[in-house]
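In each ligand, atom 1 is the first atom listed, and ligand 1 is the first ligand listed.
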Amino acid sequence: MTVSTSPEPGRSLAGAATGIALVLVAVLVGVAAQRVTSPTEHRPTAASAVQPTGHTTTVDVVAEGMRFHPARIEVPAGDRLVVNLTNRDPRRHDLVLAGGARTKLIGNGESARLDAGVIGEVTEGWCSLPGHRQAGMTLEVVPTGAAASPPAAGSASPATAGSASPDQSIDVMADPGPAFTARDATAPPVPPGRLHRRELHVREVVREVAPGVRQQLWTFDGTVPGPVLRGRIGDTFEITLVNEGTMDHGIDFHAGAVAPDEVMRPIDPGQRLTYRFTATRAGIWMYHCSTMPMLHHIGNGMYGAVIIDPPDLPPVQREYVLVQSELYLGPDGEPGDLAKMQAERPDAVVFNGYVAQYDHRPLPARVGERVRVWLLDAGPSRDTSFHVVGTQFDTVYREGRWESRPTDPGGAQVLPLSPAAGGFVEMTFPAAGHYPFVSHSMVDAERGAHGIFEVRQ
Ligand SMILES: [Cu+2]
């Protein structure tokens, strides 16, 4: 079968019998791969459709604030276009044209030259770093004059190809299998000392997020959520962020008040940054990647919790930490889909990074024990309404305030939290049994924000 939308007419694709939709996807992915792996390609844009003038138009373009300036370049049709790109952003950028020409990645203050070839049609350009195009780093090259022609068919770009790929689907009831290990939800103890010094390594890893569903996650220390840090009021945290990823990342700790300018700046792959803050107030505080677009970086796994104990926090028999977040699936083994994040269309909502993991590995407790559950809503965008079926909360601490204590006549059925809010609840289980915990926002419970306390005598 010959696919007429291919940019190389006559190219034959094997496996066409699997259906036209898959074939089209394969073509798009083929185009993407070809362009990504051919950085030196300088294919003139529809040169055959226009008479070359022999002139060259040179344009200076600046990358700044996640935008190209100018974002529209007019070129007399038939002219050769040369772009001199200068980056004035702290983040790295490049410029890729739909025709295949591209610059290398350049850092702040660096410049690169791009030869776009002869311009005969409207041509799109963008930054190829993950999320930058969707965040608005695009430009348009527009030929002027009589010879201009509309965009050619088959000018699909890598980002378009990505979003055209088939979604993976999540079965929230699927068993992850005997080898599956749930994330340990046990709250870490408060470490000794008043200075907590540690490194956090940014790693881009491929992990399962539901049975059989793999995603490339961007992580702190290889886990989603990142490690739970803990301390007391007055403690100082000295965290060194080490970027072992392929793109820029940063960090923002809500647990301390600092001027964002220096410590929250994005750092390039291979760089380190030391972030120091003193915890002056109690709560469970979010930390997250500070690189734009944050929706993409948080939505793809870059979040975690810092617990600062209230000074009068009594000890309990069991203490757990749950972080709720949404999953917006990209294609298998690739990062989450920013377009779905922008539309707030999650494929799943999860506790501690994996769909319904505590249904399959319930959290243990015993009858009569006081159980404390710390909860953080990492979002990036959805609220939670945490509820434990069969119990009432006699203690609620939310965003730095005790809202219920065991001696109060009242109680609570949910801990409601907006994105980045946190707190804890306490309960005792009256009898042995299986007590489901959910976000009582039912659409989210049914897409994976669900687990079980297994209570024994
Ligand atoms: Cu990041």
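- Salt bridge absent: R345 and E326 never bring a charged side-chain N and a carboxylate O closer than 4.0 Å.
- Taking the six-membered ring for Trp and thresholds of 30 and 60 degrees, F277 and F253 have ring planes inclined between 30 and 60 degrees apart.
- Under 4.0 Å is where a charged nitrogen must lie from a carboxylate oxygen, and between R133 and E124 at least one such pair does.
- Inspection of the environment of the Cu ion (ligand 1) yields the following protein N, O or S atoms under 2.8 Å: H249 ND1, C289 SG, H297 ND1, M302 SD.
- In summary, of the residues considered (T384, D377, V350, N352), a side-chain contact (heavy atoms from CB on, under 4.5 Å) with L322 occurs for N352 alone.
- A salt bridge links D235 with R194: the distance from a Lys NZ or Arg NE/NH1/NH2 to an Asp or Glu carboxylate oxygen falls below 4.0 Å.
- Ion pairing of R214 with E208 is absent here, as no side-chain N (NZ or NE/NH1/NH2) approaches a carboxylate O to less than 4.0 Å.
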